[in-house]
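Written out below as structure tokens is the structure these notes cover.
Lettering follows sequence order; numbering is per chain, from 1. All values derive from a computational prediction rather than experimental measurement.
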Protein chains: 2
Amino acid sequence: MTDRQAAPNSRKAQHIVNEVRRRIIEREWRQGDRIPDEADLAVEFDVARATVNKALQLLADEGLLDRRRRAGTRVAVDPVRKATFTIAIVREQVEQAGMAYSYRVIAQRRSPLPADIAARLGLPEGRTLVHMRAVHYGDGKPFQLEDRWINPHAAPELESADFWHLNANEWLVRNAPYLRADLSFSAENANRRDARLLQTQAGQALLVMHRTTWNDLGPITTVRVAFQPGHVVGAGNTQSRG
Amino acid sequence: MTDRQAAPNSRKAQHIVNEVRRRIIEREWRQGDRIPDEADLAVEFDVARATVNKALQLLADEGLLDRRRRAGTRVAVDPVRKATFTIAIVREQVEQAGMAYSYRVIAQRRSPLPADIAARLGLPEGRTLVHMRAVHYGDGKPFQLEDRWINPHAAPELESADFWHLNANEWLVRNAPYLRADLSFSAENANRRDARLLQTQAGQALLVMHRTTWNDLGPITTVRVAFQPGHVVGAGNTQSRG
DNA sequence: TGCGGAACTATGTCTAGACTAATCCAAGTG
DNA sequence: CACTTGGATTAGTCTAGACATAGTTCCGCA
């Protein structure tokens, strides 16, 4: 009964992860220290080496450990600060905040690519793509402003889609799986249009997100999202599975 | 000879990851479709089930697949958009840009916690912590401004008497391992002090990062980093090991 | 008809053993 | 002394088989 091994089967790897993390946090193993090799730990925890391997790989992915063949595993000197964050679908985000979601397309037309957007997409300037601007609202108040370019060549079914009535955001998520994505954040002073559409004043600092996706046929879409003033995006810990 | 299995041993799981991803991108398997179960795929790829399991778990972590016991694996309807970004150490970031790094501590002293910071840390308002402000420079130009609060109680092994004389940065290095971290981005108009220290004008939109870390003893530190105007932080794809 | 439980099935996790591959290290060579 | 070569060590990956667990489905009973 004193034996509260907690998880007799299932979850041994997680137990090892926790225990190793504890030893690092509590300085039993200090930064730069070599830790016992997989075989030793397997004996200590009474598990198969593969289980130890799984646990340590997870910690290495998190940046807590440095692993090298022959050299062994050591506690990372500069624990890399990683964070993962998930981009929620706007509607869910708004509804989760208990607000009523609505969406308005401001403009949609085919236009030649300006230079800066062309550079993002890696397409020649002047090429004609679909350009649309839309605002997402929560309880009638502007939540975010979206300025998007879509490349129909990368999404064949797109020609038939009518973004005046469909939410482009959601259509793309569901119908255009991507292979690679670029994402970045920056801050910009609201220009006149931003200010008007977000119902704020020109000059207001806005958090801006740029996102571009590609599949095997080329760039799919690039979007500039300007959030309402004061918006905060948060990222969680670097926890994968577990 | 037509057999260009590429990776005869080592890397079979990765091969499966790539192949499954390809089938999804090319719509062989569409959103919501049930895909063959692990046993079948193991036969198809001529590997052990554990190998298929590893591959599919990775894709599920990325959000491309939804897996449930008994119900099987299906292509996610709303591929979750995840991104991981790594916060580089400032010095490395600056030097990688080919600039000379320097660093100046503007102020370091003990101060009572203001309400907003106390809330971040989960400590009572008015508690005395170490407060420091510093600027990081690249080639003499301000790169980022750092406003940090440090909780010495999170480092038990340090005599509190010693602590007050320690360089705060050094202290942080010694206390790097943390259990949990919070990270967020927002945009703020530069106030007078921001503007002065970053050599820009008040009102300029600044990208601001807040970061707080905890270990088992409580909050370690919280920091507000204001980046130079125009700074962009980028996040990579959701690729784990590969 | 409705409900509880039994049977089933696909994934989750682990094991013991094998082989591979990256390195570090030391010994030998020019 | 620098360079090459071979051996030893440690992580990386895979396999075949086993059992655990969570859902689904369906059947019998009230």
Side-chain angles (χ1 to χ4, degrees), chain A residues 3-20 24 29 32-77 80 239-242, chain B residues 3 5-20 24 29 32-77 239-242:
Chain A
D3 182 280
R4 43 91 177 94
Q5 289 291 44
N9 52 355
S10 170
R11 221 164 305 181
K12 299 194 192 181
Q14 189 56 46
H15 171 68
I16 297 174
V17 166
N18 296 339
E19 177 61 17
V20 170
I24 293 172
W29 292 339
D33 281 3
R34 171 102 185 264
I35 76 173
D37 65 33
E38 296 185 351
D40 290 348
L41 290 174
V43 171
E44 178 191 335
F45 289 105
D46 189 30
V47 299
R49 183 169 78 87
T51 305
V52 174
N53 182 275
K54 187 176 172 187
L56 296 188
Q57 283 205 7
L58 204 149
L59 288 165
D61 271 358
E62 278 182 24
L64 254 189
L65 296 178
D66 267 342
R67 293 166 58 78
R68 268 160 57 215
R69 283 166 156 153
R70 166 73 216 230
T73 299
R74 33 189 81 240
V75 180
V77 184
V80 185
Q239 212 83 307
S240 290
R241 202 187 345 281
Chain B
D3 182 277
Q5 289 292 42
N9 54 355
S10 170
R11 224 165 303 182
K12 300 194 191 180
Q14 189 57 44
H15 172 68
I16 297 173
V17 166
N18 296 339
E19 177 60 17
V20 170
I24 293 172
W29 292 339
D33 281 3
R34 171 101 184 264
I35 76 173
D37 66 31
E38 297 185 350
D40 290 348
L41 290 174
V43 171
E44 179 190 336
F45 289 105
D46 189 30
V47 299
R49 184 171 77 88
T51 306
V52 174
N53 182 274
K54 187 176 171 186
L56 296 188
Q57 284 205 7
L58 204 149
L59 288 165
D61 272 358
E62 278 183 23
L64 255 190
L65 297 178
D66 265 343
R67 320 192 69 206
R68 269 161 56 216
R69 284 167 154 149
R70 166 74 215 228
T73 299
R74 33 189 81 240
V75 181
V77 184
Q239 214 83 307
S240 289
R241 203 182 351 278

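B:Arg68 contributes no side-chain N or O that forms a donor-acceptor pair with the base of C:dT9 under 3.5 Å. On a pure distance criterion of 3.5 Å, a polar donor-acceptor pair joins the side chain of A:Arg70 and the base of D:dA8.
Residue A:Arg67 has a polar side-chain atom (N or O) positioned under 4.0 Å from OP1 or OP2 of D:dG12. Checking the phosphate oxygens (OP1, OP2) of D:dG12, a side-chain nitrogen or oxygen of A:Asn53 falls inside 4.0 Å. Between A:Thr73 and D:dT10, a side-chain N or O to OP1/OP2 separation shorter than 4.0 Å is absent. Between B:Thr51 and D:dT15, a side-chain N or O to OP1/OP2 separation shorter than 4.0 Å is present. Listed pair B:Gln57 / C:dG12 meets the phosphate criterion, a side-chain N or O lying under 4.0 Å from OP1 or OP2. Distances shorter than 4.0 Å separate some side-chain N or O of A:Lys12 from OP1 or OP2 on C:dT15.
Note on B:Arg34: only backbone sugar-phosphate atoms sit closer than 4.0 angstrom, heavy atoms only; bases stay farther off.
In this view, A:Asp66 satisfies the side chain to side chain donor-acceptor pair (under 3.5 Å) rule with no residue, not counting sequence neighbours.
Residue B:Leu59 holds its CG atom at 8.0 Å from CD1 of B:Ile35, rounded to the nearest 0.5 Å.
The pair A:Glu19-A:Lys12 does not count as a salt bridge, with every side-chain nitrogen at least 4.0 angstrom from each carboxylate oxygen.
Of the two residues near DNA chain C, A:Ala71 and B:Pro36, the one whose nearest nucleotide lies more 5' is B:Pro36.
Side-chain atoms of B:Asp61 and B:Gln57 include no donor-acceptor pair closer than 3.5 Å.
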